[in-house]
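The block underneath contains the structure these notes are about, expressed in structure tokens.
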2 protein chains.
Amino acid sequence: MDRRTEIMTVAGRLFSESGYHVTSMRDLAKAVNLQGGSLYAHIASKEEILFEIVSHAADLFLAGAAAVPPDLPPAERVARLVEAHLAVIAREIGNATVFFHEWRFLSPERKAQIQERRDAYEAYFARAIADGVEAGVFRVEDPRLATLFVLSALNWTYQWYDPAGPIPPDEFARQYAAMVLGALGADLPLTPGPSPTRGQGRSTEHAGGAA
Amino acid sequence: MDRRTEIMTVAGRLFSESGYHVTSMRDLAKAVNLQGGSLYAHIASKEEILFEIVSHAADLFLAGAAAVPPDLPPAERVARLVEAHLAVIAREIGNATVFFHEWRFLSPERKAQIQERRDAYEAYFARAIADGVEAGVFRVEDPRLATLFVLSALNWTYQWYDPAGPIPPDEFARQYAAMVLGALGADLPLTPGPSPTRGQGRSTEHAGGAA
DNA sequence: GCTCCAAACGAACGCTTGTTAGGTTCACCT
DNA sequence: AGGTGAACCTAACAAGCGTTCGTTTGGAGC
């Protein structure tokens, strides 16, 4: 890992722990065993660091969502989106925290750049939910509100989820996805295996069940 | 409104708009037509302002939850808790934003004081959900995770909900509560009136499944 | 008319901030 | 052997920070 990358990594941790404005360049320098001024041999400005962290996190979220096949049935697609989201948080909780908490301190231009990607990310969820509503597998009154509900449930997790805690990331994601589908009024527990589980639930799930 | 209250109100707005550390005492003073130093005739320190805002918001949330009769059936209790929470956000979005976003910058003692109240607040939800699980009206795998799910969905709303926007607060709360109950695996849409709604929905599901 | 006191001013305090500039070290290339 | 250039240090800069303090203001109570 070269110096610049190390700076970014450590900055991600410090910014997430103490906040962007509380962390001074000298704090950061000390954490990578440098003098304050020496940082500027590697980076142009403090805000550049913030942008790179936030931008990196945005890329991860976007890539995770883009990897979900768009031709999957809506319920499974939503489940996969949820799992992808939580996987990013589990893997890079520091950068994710900075992404959610400090992005508003970016300059207007850079903020706009991130906003675009947030919108694109939200669109993945909006589309999957809209498809599900249209197909009759989701029962929600207002798809837009449902989308915001789901994203809210996901976006707050960085505040409390501890990847090293008692709940392993994929178990966490599985249960979370089930609750998200419940919120959307979907029926099936959507367990992958042939386990009969405690399901009565409607059998045909999707069929032509137009609402 | 006396000067001190005005300062707190304006500070709540400024802190929520720009963040606690970005807002300087001189910014705040200018917003209430004072010189920087004059603020200290009314308050002891900048952090005292922050604490008062956060503490006030915590009181509102706690009072809202405490007003929900604990002997209501769990599903209705959860719905009422959701509505109370969103009512606070709709009414005091600025202070709520500061509460969620800036409370970590309090001194350790004051932070601990707020943490206590957050825990007490969370307990209202945990209890209602646990009761519902025990009564068989909620179907969740892990009540603790379900509680965090619900609180996540609620806690993020300050980021996007606009009380003056297209969705009026009580309509917002009603739909949100329905989705929360869905996430908890409750059956009934819980509409107060006798409207049959568009339900196919599972009929028997859980035997004693009265909500 | 005088006193009193809270409210506000305005200047200053010591300190930290992000950033820059100049100088030194040292591994590497020819 | 000499040169190059990146990495780093040290010192400094102007600006802004939260806060203090002596002074001024202006209205209420006597």
Side-chain angles (χ1 to χ4, degrees), chain A residues 1-56 95 98 101-111 113-114, chain B residues 1-55 95 98 101-111 114:
Chain A
M1 178 152 62
D2 71 332
R3 216 65 221 258
R4 198 189 143 87
T5 311
E6 185 197 354
I7 290 172
M8 294 297 170
T9 305
V10 173
R13 184 169 53 79
L14 294 184
F15 288 178
S16 73
E17 284 170 3
S18 313
Y20 174 65
H21 285 105
V22 173
T23 306
S24 75
M25 292 302 275
R26 287 168 181 85
D27 292 338
L28 174 55
K30 187 176 288 181
V32 293
N33 281 104
L34 283 180
Q35 294 299 112
S38 308
L39 290 170
Y40 289 83
H42 306 277
I43 54 103
S45 68
K46 190 184 184 186
E47 199 217 321
E48 188 191 78
I49 303 180
L50 177 59
F51 178 71
E52 210 149 300
I53 294 171
V54 169
S55 181
H56 171 67
N95 289 337
V98 176
H101 224 97
E102 318 282 356
W103 80 294
R104 64 170 171 154
F105 298 122
L106 290 169
S107 69
E109 305 80 35
R110 282 172 162 158
K111 190 154 58 178
Q113 215 175 311
I114 300 298
Chain B
M1 178 152 63
D2 71 331
R3 216 66 219 258
R4 198 189 144 87
T5 311
E6 184 196 356
I7 290 172
M8 294 299 171
T9 305
V10 172
R13 185 169 53 78
L14 293 184
F15 288 177
S16 73
E17 285 171 3
S18 312
Y20 175 65
H21 285 105
V22 174
T23 306
S24 74
M25 293 303 273
R26 288 168 180 86
D27 291 338
L28 173 54
K30 187 175 290 181
V32 293
N33 281 103
L34 283 180
Q35 295 299 112
S38 307
L39 290 170
Y40 289 83
H42 305 278
I43 54 104
S45 69
K46 190 185 184 185
E47 200 217 321
E48 188 191 78
I49 303 180
L50 177 59
F51 178 70
E52 210 149 303
I53 294 171
V54 169
S55 181
N95 288 337
V98 176
H101 225 97
E102 318 281 356
W103 80 295
R104 65 171 170 153
F105 298 122
L106 290 169
S107 69
E109 305 80 34
R110 282 172 161 160
K111 191 155 56 178
I114 299 298

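Convention: sequence-line order gives letters A, B, ...; per-chain numbering from 1.
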Should [X] and [Y] count as side-chain neighbours, where that means a heavy-atom distance under 4.5 Å?
{"X": "A:His101", "Y": "A:Phe15", "answer": "no"}
{"X": "B:Leu39", "Y": "B:Ile49", "answer": "no"}
{"X": "A:Asp2", "Y": "A:His42", "answer": "no"}
{"X": "A:Glu52", "Y": "A:His56", "answer": "no"}
{"X": "A:Glu6", "Y": "A:Leu34", "answer": "no"}

Over how many whole Å does the gap from [X] atom [atom1] to [N] atom [atom2] extend?
{"X": "B:Glu48", "N": "D:dT19", "atom1": "CD", "atom2": "P", "result": "10 Å"}
{"X": "A:Lys30", "N": "D:dC8", "atom1": "NZ", "atom2": "P", "result": "17 Å"}
{"X": "B:Asp2", "N": "C:dA6", "atom1": "CG", "atom2": "P", "result": "15 Å"}
{"X": "B:Tyr40", "N": "D:dC17", "atom1": "OH", "atom2": "P", "result": "11 Å"}
{"X": "B:Ile7", "N": "C:dA6", "atom1": "CD1", "atom2": "P", "result": "16 Å"}
{"X": "B:Ile43", "N": "D:dT19", "atom1": "CD1", "atom2": "P", "result": "7 Å"}
{"X": "B:Asn33", "N": "C:dA7", "atom1": "CG", "atom2": "C1'", "result": "14 Å"}

All N/O contacts under 3.5 Å from nucleotides 5-7 of chain D to the protein, with atom names and distances to one decimal?
none

Table please: side-chain donor-acceptor pairs of residues 103-110 of chain B below 3.5 Å, with sequence neighbours left out.
{"unit_1": "B:Arg104", "atom_1": "NH1", "unit_2": "A:Ser16", "atom_2": "O", "d": "3.2"}
{"unit_1": "B:Arg104", "atom_1": "NH1", "unit_2": "A:Glu17", "atom_2": "O", "d": "3.3"}
{"unit_1": "B:Arg104", "atom_1": "NH2", "unit_2": "A:Glu102", "atom_2": "OE2", "d": "3.0"}
{"unit_1": "B:Ser107", "atom_1": "OG", "unit_2": "B:Glu47", "atom_2": "OE2", "d": "3.3"}
{"unit_1": "B:Ser107", "atom_1": "OG", "unit_2": "B:Glu109", "atom_2": "OE1", "d": "3.2"}
{"unit_1": "B:Ser107", "atom_1": "OG", "unit_2": "B:Arg110", "atom_2": "N", "d": "3.4"}
{"unit_1": "B:Arg110", "atom_1": "NH1", "unit_2": "B:Glu47", "atom_2": "OE2", "d": "3.4"}

Please tabulate the protein-to-nucleotide N/O contacts below 3.5 Å involving nucleotides 23-27 of chain C, giving atom names and distances.
none

Anything under 3.5 Å between a protein N or O and an N or O of nucleotides 10-17 of chain C, put it in a table, one pair a line.
{"unit_1": "C:dA12", "atom_1": "N6", "unit_2": "B:Arg26", "atom_2": "NH2", "d": "3.2"}

Contact string for nucleotides 22-29 of chain D, one letter per nucleotide 5' to 3', B = base within protein heavy-atom range under 4.0 Å, S = sugar-phosphate only, - = neither, reads --------

B:Ser55 and B:Ile114 have their tightest heavy-atom pair at CA-CD1, 3.9 Å

Quick note, side-chain hydrogen bond (donor to acceptor under 3.5 Å, both in side chains) partners involving residues 18-32 of chain B, not counting sequence neighbours, are B:Ser24-B:Asp27

